[in-house]
Amino acid sequence: MTYYTVSFYLFAAIILLSAYFVVTTKNVIYAAFNLLLTFFGVAGFYALLGADFIAIVQLIVYVGGILILLLFGVMLTNKITDTEIKTGAFQVLPASIIVGMFSGVLIASMTNNRWIVSANTPVAADTLRTIGNILMNQYILIFEVLGVLLLIALIGAASIARK
Amino acid sequence: MIYDFLLQLTGNAAISSLINSIIPLTFIIPFALFAVYLERKVSAHMQDRLGPMRVGWHGWLQSFADILKLLQKEDIVTADADKKLFNFAPVLVFAGSYAAFAAIPFSSAYIGTNLDLGLLYIVAVTSLVVAGILMAGWGSNNKYSLLGAVRSAAQIVSYEIPTTLVIVTVIVMTGTLNLHKLSTDQTSSFYNWLIFGGYAAGWHKFALIPSMFVGFLVIFISTLAEVNRTPFDIPEAESELVAGYHTEYSGMKFAMFFLAEYANMFAVSAIVATIFFGGFQSPFGYLGNTLGISWLRPIEEFFWFASKGIFFVFVQMWLRWTLPRLRVDQLMAMCWKYLIPIAVVNLIIVALIMVL
C-alpha cells in the first residue's frame with residue numbers, strides 16, 4: 001500500500017461516512033457539520049487527482065461560503081432542532097428515472113477517463129494559468145454569460161431582501 | 001530544503017513528512033508564550049503600568065506559570081452543552097489556523113509544502129476556522145457564545161473579500177501565488193520588496209508604489225478583522241458578550257483557542273510580510289554571503305522572517321491598546337463601503353499599469 005492509496009481510502013471513508021450521517025441524522029446542525037466533512041473529503045480527492053485549483057475552490061466556495069451560510073440559516077432559525085425534517089412525499093418513478101440517468105452519466109465518465117491512480121503519475125503543472133487561459137480564450141462567452149447570471153441572481157436576492 | 005535532508009537522514013517519506021509537518025508547531029508554541037507576555041507588557045506600558053513583574057525577571061516566566069495553571073484546571077463541560085460539538089470545536093479551530101502554516105516559507109530552507117497556489121490555499125483553509133468558531137458557539141448552548149460566533153463568522157466571511165482582492169492585485173503584478181517564489185523574487189534588498197514597487201525595473205516600479213501602499217493598508221486592516229483583534233473584536237467584546245464564542249471553555253480547551261488566536265495573528269502577519277515586505281529576505285545583504293558561510297544564510301533568513309512577523313504582531317497589539325472597538329454596523333460599513341471599493345479600484349489601477 002502506498003501513501004497515495006492510503007490517503008485515497010481515508011478520504012473515501014470520510015466522504016461515505018459523513019454523507020451517510022448527513023442523510024440519516026435527525027439533528028440539522030449535525031447534518032450541516034457532517035456536510036463540512038464531506039466537502040473536505042471531496043477537496044482531498046481533487047487534490048489527489050492533481051486538480052489543486054479545483055480543490056482549493058471547493059474549500060473556498062463550499063466550506064467557506066455555502067456551508068457557513070447554511071449554518072447561519074440554521075442557527076438563526078427558531079427551534080429547528082426538534083422539528084421533523086423528513087418529507088412525506090415519495091415520488092418513486094421520477095426519482096428513479098433521474099437517479100438512473102445521473103448514475104449513467106457518472107458511470108460513463110468513470111469508465112471513459114484515465115484517472116490518476118498513483119503519486120508517480122505526472123500531473124499538469126501551473127494549473128491556474130492553464131485554466132485562466134482556457135476560460136479567457138476558448139470559453140470566454142460561457143464565462144461572461146455565467147458572470148451576468150450571477151449578477152442577476154445577486155440583484156434578485158437584494159431586491160427580494162428589501163421587500 | 002529541510003524535507004530533503006530529513007528524507008536522506010531517515011530514508012522514509014512518511015516519517016520525514018511527519019517531522020516536517022511538526023516543525024511549525026515548535027515555532028508557534030514558544031511564539032504564543034512570548035506573545036502573551038508581550039501583549040501584557042505592551043498593554044501595561046501603554047497604560048502607564050508595569051504589567052507582570054513577580055514571576056522571574058520583569059515577569060518573563062509569567063506565561064509558563066499561566067500554562068501550568070491552565071494544565072491543572074478542571075475540564076468543565078456545561079450540562080446542557082452539545083458535547084460532541086463542544087469538544088471538537090477547539091481542535092477544528094486550531095487545525096484551521098495551523099493548516100495555514102503549511103504554505104508559509106519560514107526561510108529558503110523551510111516551507112511545509114511548496115504549493116503553487118499557496119496564497120489561495122491559505123485563504124481556503126482559514127474557512128475551517130469559521131466553521132470551528134460556529135461549532136463552538138452552538139455547542140456551548142449559551143446565548144453569548146452563539147451571538148459571538150455568529151458575529152465572528154459574519155465578520156470573517158465579509159473581510160475575506162478585501163483580502164482576496166488584494167491577493168488578486170498581487171497575482172496581477174507578480175503572476176505567481178507561490179509564497180516561496182514570491183519571497184525569493186523579492187531579492188535581498190529592501191527596494192526590491194513589493195511595497196516599494198517590486199523587483200521589475202523601469203517606470204512601472206515607481207508608478208506602482210502608491211497602489212502597493214494602499215494594498216498593504218487594505219490587507220492589513222482586513223486580516224486584522226479576520227483574526228478578530230481589536231478594533232474588530234466584537235465577537236468577543238468583553239463588555240457585551242463576556243468572551244464571545246469561548247465563554248464556556250476552560251482549561252486546555254480554552255488554551256487551544258488562545259493558541260489558535262496567537263497562531264492566527266502570526267500567520268496573517270507573516271502573510272502580509274511575505275507579500276509586501278520580502279518575506280524571509282534581509283533588507284540589506286547577508287552576513288553568511290559576506291563571510292562565505294553558506295549554512296548561515298537560512299538561519300539569517302529565518303531571523304528576518306520571524307522579526308518581520310513579530311513586528312506586525314506588535315503593531316496589532318499597539319492598535320489593540322490604542323483604538324476603541326467598532327460597532328457592528330460600523331464594522332460592516334468599513335468592509336463593504338470602504339475597503340472593498342478601494343481594493344477594487346486599486347486592482348484596476350494596478351492592472352492598467354501592468355498592461356501599459
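Labels below follow one simple rule: chain letters A, B, ... track the order of the sequence lines, proteins then strands, and each chain is numbered from 1. In this text, all values refer to a predicted model and were calculated from it rather than measured experimentally. Just so you know, these numbers use all the heavy atoms, side chains as well, and skip hydrogens, waters and symmetry mates.
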Heavy-atom proximity to chain A below 4.5 Å, by part of B/Leu92:
side chain
Does A/Phe39 CZ have over 12 foreign heavy atoms under 6.0 Å away?
yes
Say you draw a straight line from OG of B/Ser127 to OH of A/Tyr62; how long is it, rounded to the nearest 0.5 Å?
14.0 Å
Heavy-atom distances under 4.5 Å only: say whether B/Ala154 touches chain A with side chain, backbone, both or neither.
both
A/Leu36 versus B/Leu128: any side-chain heavy-atom pair under 4.5 Å?
yes
Once rounded to the nearest 0.5 Å, what's the spacing between atom CD1 of B/Ile171 and atom CZ of A/Arg129?
10.5 Å
If you measure from CG on A/Leu128 to CG on B/Asp116, what distance do you get to the nearest 0.5 Å?
9.0 Å
For B/Val157, is it the side chain, the backbone, both, or neither that has a heavy atom closer than 4.5 Å to a heavy atom of chain A?
side chain
Toward chain B, the part of A/Tyr30 with a non-hydrogen atom under 4.5 Å:
side chain
Sequence neighbours excluded, which residues qualify as salt bridge (charged side-chain N to carboxylate O under 4.0 Å, His left out) partners of B/Lys84?
none
Set out, in order, the CA-CA distance, both residues' side-chain angles and the distance that settles side-chain contact (heavy atoms from CB on, under 4.5 Å) for B/Thr164 and A/Ile60, then state yes or no.
CA-CA 11 Å; B/Thr164 317; A/Ile60 292 179; over 6 Å; no
Evaluate whether atom CZ of B/Phe101 has more than 12 neighbouring non-hydrogen atoms of other residues, nucleotides or ligands under 6.0 angstrom away.
yes
Residue-level contacts of residues 142-152 of chain A with chain B, using a heavy-atom cutoff under 4.5 Å:
none
Reported CG-to-OH distance for the pair A/Asp52 and B/Tyr121, which is rounded to 0.5 angstrom:
12.5 Å
Write down the atom of A/Phe72, the atom of B/Ala153, and the distance for their closest heavy-atom approach.
CE1-CB, 3.5 Å
Which distance, rounded to the nearest 0.5 Å, do you find between the CD1 of A/Ile29 and the CH2 of B/Trp138?
4.0 Å
Under 4.5 Å heavy-atom distance to chain A, tell me which part of B/Leu120 shows up: side chain, backbone, both or neither.
both
Could you grab the distance from atom CZ of A/Phe53 to atom CG of B/Leu177, nearest 0.5 Å is fine?
9.0 Å
Scanning both residues in full, the closest heavy-atom pair of A/Leu71 with B/Leu134 reads CD1-CD1, 3.6 Å
